[in-house]
Peer 1: 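Please find one structure pasted underneath; my questions will follow.
Along the sequence shown, residues carry numbers from 1.
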Amino acid sequence: MKSGIFYGWRIVLIALIGQFLSVGSLLVYCFGVFVKPLAETFKTDRGAISLAVSLVSVGVALGSPISGRLIDKLGGKKVISFALIGMAICLFALSRVQAPIISLYICYFLGGFIGSGNSPLAYSRIVANWFNQNRALAIGLGNAGVGLGALLIPILAQFLIQSADWRQVYILLSLACVLIALPLVHFFLKNSPEDMGMQPLGHLEISNTDSSAMSIGAAAATRTFWLLSLSILCVAVSCTGIMTHLSAMLTDRGLTPQIAALAISLFGGASLLGRIANGFLADRFSAPLVAAGIFGGAAIGILLLWLYPTGFTVYLATVMIGLAMGAESDIMPYMVSRFFGMRSMGTVYGFVFSAYTIGAAFGPMLFGVGFDKTGSYQFSLLVGLGLMIVAIGLMLLLQRRSR
């Protein structure tokens with residue numbers, strides 16, 4: 001028997017680093033630092049500029065089912081490699097965009113569409129191949145790279161914009177794809193333990209050839225598929241809407257920008273922690289019950305925000321909501337692998353992930369419209385609370401069906 005660290009944990013580390021430079025980190029989470037320079041360059045308002053980041057989510061939603069299918073057919077390594085090259089081209093193109101603004105929209109949409117292959121969708125499929133035991137924890141650790149990217153890349157991009165032209169920052173992000181992530185994936189990422197003459201960690205429960213593994217057609221014909229997809233859609237609308245408008249929501253109530261900034265940081269930190277903690281719990285308890293508990297905590301957090309919290313209550317609320325925000329990238333792929341098997345996991349997860357990205361695209365817009373119509377975020381928070389309660393109910397139904 002070979003000694004040393006199981007190679008699958010190295011795959012987890014590669015997934016973490018790869019997702020640090022994923023579509024979410026490079027095109028979504030650091031978008032805020034580009035809003036002002038882009039608005040000045042295109043001589044337009046920030047609302048028109050912000051449409052670009054919504055188009056990333058639309059691109060990811062449309063691209064995820066295709067990427068998932070390709071991952072099942074070709075393997076995640078090839079899909080991630082091509083996605084990194086495509087993202088690098090889109091980022092370089094962004095460094096050269098000129099009016100009209102449609103050129104900006106096209107680059108961001110294509111970045112999301114192509115970048116769907118360099119997202120939790122691809123890495124979760126590969127990590128799941130390596131683990132039967134501790135699968136949820138391994139997926140959560142690998143996908144923590146998204147949270148790290150959300151925390152650190154905007155800070156780095158802001159620093160670079162202050163010391164260099166924003167166009168040069170896009171070039172540096174492009175180079176990071178081809179000089180850091182691409183070589184790492186090409187030389188060290190392995191699609192499955194069988195590629196190295198190894199076996200997954202733990203007792204073999206579900207395999208790629210297991211007769212119980214479902215095709216996408218069979219999976220989509222089940223209530224389980226729709227319960228899971230609708231639940232994650234509700235969570236995405238609620239959490240991303242709150243995350244996007246959190247600073248404005250708190251400062252509108254008279255809280256200082258410093259309190260709002262700390263709350264946003266806690267939100268991101270909780271999201272990062274949630275990806276790990278949720279996976280740890282899902283390996284030991286029923287995944288739908290774990291998800292229902294996390295969503296229940298988020299519902300309490302939203303209620304606290306609706307009640308006009310101050311001080312410590314603000315921080316507690318944002319942490320509870322942030323924990324649920326991390327669930328989409330660990331519990332969701334884990335449940336897909338357990339409920340539908342590994343044969344078509346990429347394809348099935350691609351469709352479920354599309355539900356999440358659709359929610360992520362519409363959540364911020366719905367909260368913004370709610371504010372414009374009512375003059376506050378109170379109604380939007382009630383809608384978010386209602387959606388979270390629906391998500392809890394759907395997870396409890398999923399628990400009953402999984403017994």
Peer 1: Contact between Val79 and Arg69 at the side-chain level, heavy atoms closer than 4.5 Å - yes or no?
Peer 2: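 No, too far: nothing below the 4.5 Å cut-off.
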
Peer 1: May I ask you to check whether over 12 heavy atoms, not counting those of Phe82, lie within 6.0 Å of atom CZ?
Peer 2: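 Count not over threshold, so no.
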
Peer 1: So, for Leu396 and Ala292, which heavy atoms are closest and what is the spacing to 0.1 Å?
Peer 2: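 Scanning both residues completely, I find the closest heavy atoms to be CD2-CB, 4.0 Å.
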
Peer 1: So for atom CZ, which belongs to Arg253, do other residues, nucleotides or ligands contribute more than 12 heavy atoms lying within a distance under 6.0 Å?
Peer 2: yes

Peer 1: Could you tell me the separation between the CG atom of Leu104 and the CD1 atom of Ile49, rounded to the nearest 0.5 Å?
Peer 2: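 Separation between the atoms: 5.5 Å.
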
Peer 1: If we ignore hydrogens and angles and just use 3.5 Å, is the side chain of Ser25 paired with the main-chain N or O of Leu21 as donor and acceptor?
Peer 2: no

Peer 1: With a 4.5 Å limit on heavy-atom distance, are the side chains of Phe6 and Met198 in contact?
Peer 2: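 They are in contact (side-chain heavy atoms under 4.5 Å apart), so the answer is yes.
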
Peer 1: Please confirm whether Phe131 and Trp9 have ring centers closer than 6.0 angstrom.
Peer 2: yes

Peer 1: I'd like to know if the side chain of Arg167 reaches the main chain of Val97, judged simply by a donor and an acceptor atom lying under 3.5 Å from each other, with no hydrogens or angles considered.
Peer 2: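 Judged by distance alone, yes, a pair lies under 3.5 Å.
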
Peer 1: Would you please classify the geometry between the Tyr349 ring and the Phe353 ring as parallel, tilted or perpendicular, with 30° and 60° separating the classes?
Peer 2: perpendicular

Peer 1: Testing the basics here: between Ala219 and Val348, what is the closest heavy-atom pair and its distance to 0.1 Å?
Peer 2: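 Of all heavy-atom pairs spanning Ala219 and Val348, the closest is CB-CG2, 4.0 Å.
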
Peer 1: A side-chain contact here means heavy atoms from C-beta on lying under 4.5 Å apart; do Asn118 and Tyr123 qualify?
Peer 2: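 Yes; the side chains approach each other to less than 4.5 Å.
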
Peer 1: I need the minimum non-hydrogen distance between Leu305 and Leu246, along with the two atoms involved.
Peer 2: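 Taking every non-hydrogen atom into account, CD1-CD1, 4.4 Å.
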
Peer 1: Against Ser116, only a single residue in Ser354, Ser22, Ser67 fulfils side chain to side chain donor-acceptor pair (under 3.5 Å); can you say which?
Peer 2: Ser67

Peer 1: Check step by step if side chain to side chain contact (heavy atoms under 4.5 Å, CB included) holds for Phe367 and Ile242.
Peer 2: CA-CA 7 Å; Phe367 269 68; Ile242 291 172; 3.7 Å; yes

Peer 1: If only atom types and distance count, is the side chain of Asn132 paired as donor or acceptor with the main-chain N or O of Leu201 below 3.5 Å?
Peer 2: no

Peer 1: Determine yes or no for a side-chain-to-main-chain donor-acceptor pair under 3.5 angstrom, with Ser64 supplying the side chain and Val60 the backbone.
Peer 2: yes

Peer 1: How far does CG of Leu148 sit from OG of Ser271, to the nearest 0.5 angstrom?
Peer 2: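 That separation rounds to 10.5 Å.
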
Peer 1: Can you tell me how far the CZ atom of Phe295 sits from the CE atom of Met320, to the nearest 0.5 Å?
Peer 2: 13.5 Å

Peer 1: Do Ser238 side-chain atoms and Cys234 backbone N/O form a donor-acceptor pair below 3.5 Å?
Peer 2: no

Peer 1: Considering only heavy atoms from C-beta outward, does the side chain of Ser231 approach that of Leu398 to under 4.5 Å?
Peer 2: no

Peer 1: Taking the side chain as everything from C-beta on, heavy atoms only, tell me whether Met87 gets closer than 4.5 Å to Phe92.
Peer 2: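 No. Closest side-chain heavy atoms not under 4.5 Å.
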
Peer 1: Parallel, tilted or perpendicular, judged at 30° and 60°: which one describes the rings of Phe340 and Phe225?
Peer 2: perpendicular

Peer 1: Quick check: do Val235 and Leu387 have side-chain heavy atoms less than 4.5 Å from each other?
Peer 2: no

Peer 1: Just by distance, do the side chain of Ser229 and the backbone of Trp226 share a donor-acceptor pair under 3.5 Å?
Peer 2: no

Peer 1: Evaluate the ring-ring contact (aromatic ring centres under 6.0 Å, His included) criterion for residues Phe379 and Trp306: first the C-alpha distance (whole Å), next the side-chain angles of each, then the deciding distance (0.1 Å), finally the verdict.
Peer 2: CA-CA 9 Å; Phe379 177 75; Trp306 182 78; over 10 Å; no

Peer 1: Judged by atom type as modelled, is there a donor-acceptor pair below 3.5 Å linking the side chain of Gln19 to the main-chain atoms of Gly142?
Peer 2: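 Flag set: sc Gln19 to bb Gly142 pair under 3.5 Å.
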
Peer 1: Given side chains that start at C-beta, do those of Val58 and Phe109 come closer than 4.5 Å, heavy atoms only?
Peer 2: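 Yes, their side chains come closer than 4.5 Å.
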
Peer 1: To the closest 0.5 Å, what do you measure between SG (Cys177) and CG (Leu84)?
Peer 2: 5.5 Å

Peer 1: Which is it for Tyr377 and Asp252 under the side chain to side chain contact (heavy atoms under 4.5 Å, CB included) test, yes or no, and what are the steps along the way?
Peer 2: CA-CA 9 Å; Tyr377 288 105; Asp252 282 352; 3.7 Å; yes

Peer 1: Hey, what do you get for CG (Leu307) to CG (Leu381), rounding to the nearest 0.5 Å?
Peer 2: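 The distance works out to 10.0 Å.
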
Peer 1: Yes or no on side chain to side chain contact (heavy atoms under 4.5 Å, CB included) for Met395 and Met335, after CA distance, side-chain angles and deciding distance?
Peer 2: CA-CA 11 Å; Met395 279 296 163; Met335 285 195 283; 3.5 Å; yes

Peer 1: Give me the atom names and distance for the closest heavy-atom approach of Leu26 to Cys30.
Peer 2: O-SG, 3.1 Å

Peer 1: How close do Ala122 and Gly117 get, heavy atom to heavy atom, and via which atoms?
Peer 2: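 In terms of heavy atoms, the two residues are closest at CB-O, 3.3 Å.
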
Peer 1: For the atom pair CG (Leu121) and CZ (Phe351), what is the distance rounded to the nearest 0.5 Å?
Peer 2: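 It is 11.0 Å, given to the nearest 0.5 Å.
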
Peer 1: If you look at every heavy atom in Gly76 and Asn191, which pair is closest and at what distance?
Peer 2: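 Heavy-atom minimum between the residues: N-OD1, 3.0 Å.
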
Peer 1: Just wondering, do Ser81 and Leu182 contact through their side chains at under 4.5 Å, heavy atoms?
Peer 2: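 Yes, their side chains come closer than 4.5 Å.
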
Peer 1: Could you give me the CA-CA distance, side-chain angles and deciding distance for Cys90 and Ile114, then say whether side chain to side chain contact (heavy atoms under 4.5 Å, CB included) is met?
Peer 2: CA-CA 9 Å; Cys90 289; Ile114 298 169; 4.2 Å; yes

Peer 1: Within the distance-only criterion (no hydrogens, no angle test), does the side chain of Ser103 pair as donor or acceptor with the backbone N or O of Pro100 below 3.5 angstrom?
Peer 2: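 Checked: pair present.
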
Peer 1: Indicate whether any N or O donor in one side chain lies under 3.5 Å from an N or O acceptor in the other, for Ser192 and Glu194.
Peer 2: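 Glu194 and Ser192 do have a side-chain donor-acceptor pair below 3.5 Å.
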
Peer 1: Okay, side chain of Lys77, backbone of Lys190: is any donor-acceptor separation there less than 3.5 Å?
Peer 2: no

